[in-house]
Amino acid sequence: MAEKEPIGVIGVGWVGLCTAACFAELGHPVIARDILPEKVESLSRGEVPIHEPGLPELVRKNADRLRFTTDMGELLEGAELLFCCVDTPPLYSGDADLSRVEAVVAELGDSNSHAIVMKSTVPVGTGRAIHRRREDLGYVSNPEFLKEGSAVDDFMNPDRVVVGSGDGSDGFADRVAALYEPLGGPIVRTDVASAEMIKLASNAFLATKISFINEIANVSEELGADVREVARGMGLDERIGDKFLQAGLGFGGSCFPKDVSALKQLAGNSGYHFQLLNSVIEVNDLQKRRAIGKLQKHLGPLVNKEIALLGVAFKPNTDDIREATSLVLAARLQSEGAHVRVYDPVALDNAEDLLGGAQVCSSALEALDGADGAVLVTEWPEFGELDWAGEVRERMRAPVIVDGRNFLDRTALREAGFTYEGIGR
Ligand code: UDX
C-alpha cells in the first residue's frame, strides 16, 4: 500500500492537536511542532491537557504515527504540507493578532517544496499578503469548522471541507484535498480570499442566527409566545434549518465573539460599515445580562441575596470559559451586591481567578444550598438530573430558578413550587 502523505502541524493547541490526531487516525505519519517544551513532553507521554471528548484516546491510539517536537527543522524534514494552527486572538481593536502566524512564516527558510496550509482563522487577504512576500512557499487556505466538545466527530464527518488556493499553489491544494477524500464530505475548491471569508462569514452567520432567536425570545416573552415552539416551526423550513435556533443567555467561546468582531473590524478597515454585526454583538452583550432582570423581578434588590450559578463553561462538554456568559453574570451580580456561588463539572480550575469573589462550590447541591435564586447558565446534563422537587427544593431558601438555556422541565418545576423563568417562554 502506498505511503500516506506525511503531515506537519505547527501549533499544538486545540485546533492543532485535533488536526494532528485525526490525520494520524487516517493513517498519516504526523509531526507536530509547538514552541512550549513542557507541552511537547507531556503530549509525547500521551498526556492531553485539553478537555475534548475522544481526543486523548485518539492521541494515545496513534502514538506510533504521531510525533511531537519543538524543532522546526525536524518538521521541515518530515513533511511538505505544513498545517498552521497557531492562535490568532483578538487585539483590543478587534483586529486579529497575526503575530504568531508571522513568526511561523519567518521561521520557514527558503523552500520550494513546502506549503503553508492555513487552518488558523485569519482576516481575508492574509494569504495573498503572505504569498506575495514568500513566493517560494506554497499557500493553501483550509479553515476549520470544529466545535468544542465534538471536534473529533466534526473533523471526521465534515459538512464540507474548504480548500482555497491560487498563484501556483493548486498542486499543493490538490494534495490537501486528497487528504480529506476518505472522509467523504463535499470539498469546496476556491480561491484563498473566498476560503478565508467562508470561515468568517459562517461563524458570523451562526452568531447572527443566535442573536436573532434571542431577540425573538425576548419579544415572545412580551407577547406570550413560546420561543421553543417558534423555533420548532421555523426550523422545519429547510431554508432556515433547526440548528442554532436555541434561545439562551448568549453565545460565548473562543470563536464567535472573536470572529464577529474581526469581520466587523475588517469591513470597517475596508471602508464598509457592517451594521448587522454591530447589532449581533450588542444583542449578545445584553442577552448575557438578561438573567439579572429576571432575578430582580422575583427577589427585588439583589443586595445580600445568595445566587447560585449552575455552569461556568461557555457551553457543555468543554472546560473552556472564554467569553463565557457566567463570567459576565458573576461580575454583574456581585456589583448588584449579591453573593455568588458557582459550580461547573469541569471548568472551575480555569475560572477561579476570573470569577471575582464568587464562592466556588464542589457540587451543584452545595451551590444551591441556602440560595435565594439560581441561574442555569450552561446546560450540563447533570443539572437536568438533579432532584429539583426534593433535595433542591429543600435546600434553596427561595425556589426561584432562571433557566438560561430552556433546559429544565418547566412544568415539573412549577408543580414542585418553583418560580420558573425561561428565556422566551
Ligand atoms: C464554533 C463553531 O460552531 C465552529 O464551527 C467553529 O469552528 C468554532 O466556533 P464553538 O465555539 O465550539 O464552535 O461553539 P458552538 O457549539 O458553535 O457554540 C457557540 C456558542 O453559541 C455557545 O456559547 C453556545 O452556547 C451558543 N449557542 C449555540 C446558542 O446560544 N444557541 C444555539 O442554538 C447554539
Side-chain angles (χ1 to χ4, degrees), residues 13-16 18-19 22 50-53 55 85 87-90 119-122 142-155 157-162 185 195-196 198-218 227-228 230-232 234-235 240-263 280-281 283-288 290-291 311-329 344 347 376-380 403-407 422-424:
W14 179 72
V15 171
C18 291
T19 303
C22 289
I50 302 171
H51 180 91
E52 184 58 48
L55 186 57
C85 302
D87 254 355
T88 54
K119 246 190 195 313
S120 304
T121 303
V122 293
N142 178 224
E144 55 80 17
F145 301 95
L146 312 179
K147 295 188 293 304
E148 291 189 41
S150 62
V152 172
D153 185 58
D154 291 343
F155 190 102
N157 304 291
D159 289 333
R160 84 308 209 173
V161 172
V162 174
E196 292 164 341
I198 290 172
K199 170 63 187 184
L200 290 175
S202 299
N203 275 357
F205 181 79
L206 291 171
T208 304
K209 209 173 171 182
I210 295 168
S211 281
F212 180 82
I213 199 67
N214 282 338
E215 292 227 278
I216 291 289
N218 302 343
V227 74
R228 287 206 324 190
V230 176
R232 186 161 66 92
M234 288 169 64
I240 301 172
D242 61 358
K243 301 254 174 9
F244 282 61
L245 276 182
Q246 273 185 2
L249 289 176
F251 58 77
S254 61
C255 292
F256 282 2
K258 167 174 79 84
D259 294 348
V260 171
S261 301
L263 183 53
V280 168
I281 295 166
V283 168
N284 198 55
D285 288 344
L286 291 172
Q287 199 67 12
K288 289 186 173 180
R290 217 163 152 75
V312 174
F314 83 96
K315 66 174 193 176
N317 301 323
T318 177
D319 59 357
D320 196 339
I321 57 162
R322 284 175 284 183
E323 302 282 336
T325 294
S326 57
L327 305 178
V328 174
L329 275 181
D344 189 283
L376 187 138
V377 187
T378 317
E379 64 274 33
W380 285 101
D403 181 357
R405 301 290 170 183
N406 292 334
F407 181 64
I423 304 295

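Both counts, for ligands and for their atoms, begin at 1 and track the order of listing. We use all heavy atoms of the structure for the numbers below, so side chains are in, but hydrogens, waters and symmetry mates are not.
Residue Gly248 places every heavy atom at 4.0 Å or more from ligand 1. Note on ligand 1: Glu323 sits outside its first shell, no heavy atom being nearer than 4.0 Å.
Nearest protein neighbour of atom 9 (O) of ligand 1, counting heavy atoms only, is Cys255 CB, 3.0 Å. The single protein non-hydrogen atom nearest to atom 34 (C) of ligand 1 is Phe244 CD2, 3.5 Å, given as residue, atom name and distance. The protein atom (non-hydrogen) at minimum distance from atom 6 (C) of ligand 1 is Leu146 O, 3.4 Å. Looking only at protein heavy atoms, the nearest one to atom 20 (C) of ligand 1 is Phe251 CB, 3.6 Å. For atom 3 (O) of ligand 1, the nearest protein heavy atom (residue, atom name, distance) is Lys147 CG, 3.2 Å. At the shortest separation from atom 27 (N) of ligand 1 among protein heavy atoms lies Ile210 CD1, 3.5 Å. What sits closest to atom 22 (C) of ligand 1 on the protein, heavy atoms only, is Phe314 CD1, 3.6 Å. What sits closest to atom 2 (C) of ligand 1 on the protein, heavy atoms only, is Phe256 CE1, 3.5 Å.
The side chain of Lys315, and not its backbone, has at least one atom closer than 4.0 Å to an atom of ligand 1 (non-hydrogen atoms only; side chain from C-beta on). Neither the backbone nor the side chain of Thr318 has any atom closer than 4.0 Å to an atom of ligand 1 (non-hydrogen atoms only).
Screening Asp153, Asp320, Asp154 for a salt bridge (Lys or Arg N to Asp or Glu O under 4.0 Å) with Lys147, the sole residue that qualifies is Asp154. Checked against Phe251 for a side-chain contact (heavy atoms from CB on, under 4.5 Å), the options Leu206, Val280, Asn203 give a single hit: Val280.
Considering both main-chain and side-chain atoms, Gly253 never comes within under 3.5 Å of ligand 1 through any nitrogen or oxygen pair. Every N/O-N/O distance between Glu379 and ligand 1 stays at or above 3.5 Å.
For Glu148 against Ser254, the heavy-atom pair with the smallest separation is OE2-OG, 3.3 Å. When every heavy atom of Ala207 is checked against every heavy atom of Val260, the shortest pair comes out as CB-CG2, 3.6 Å. Scanning all heavy atoms of the two residues, the minimum distance from Phe244 to Lys209 falls at O-CG, 3.6 Å. Nearest heavy atoms, Val312 versus Ser326: O-OG, 2.7 Å.
When each atom of ligand 1 is checked for a heavy atom of Glu144 under 4.0 Å away, the hits are 7 (O). Numbered from 1 in the order shown, with element, the atoms of ligand 1 that lie under 4.0 Å from a heavy atom of Lys199 read 6 (C), 7 (O).
Ion pair Glu323/Lys258 not flagged as a salt bridge, since none of the NZ, NE, NH1 or NH2 atoms sits closer than 4.0 Å to an Asp/Glu carboxylate oxygen.
When side chains are defined from C-beta on, Leu200 does not count as touching Glu196, because their heavy atoms never get closer than 4.5 Å. Using a 4.5 Å cut-off on side-chain heavy atoms (C-beta onward), Phe145 and Lys199 make contact.
Rounding to the nearest 0.5 Å gives a distance of 10.0 Å between CZ of Arg405 and CG of Asp403.
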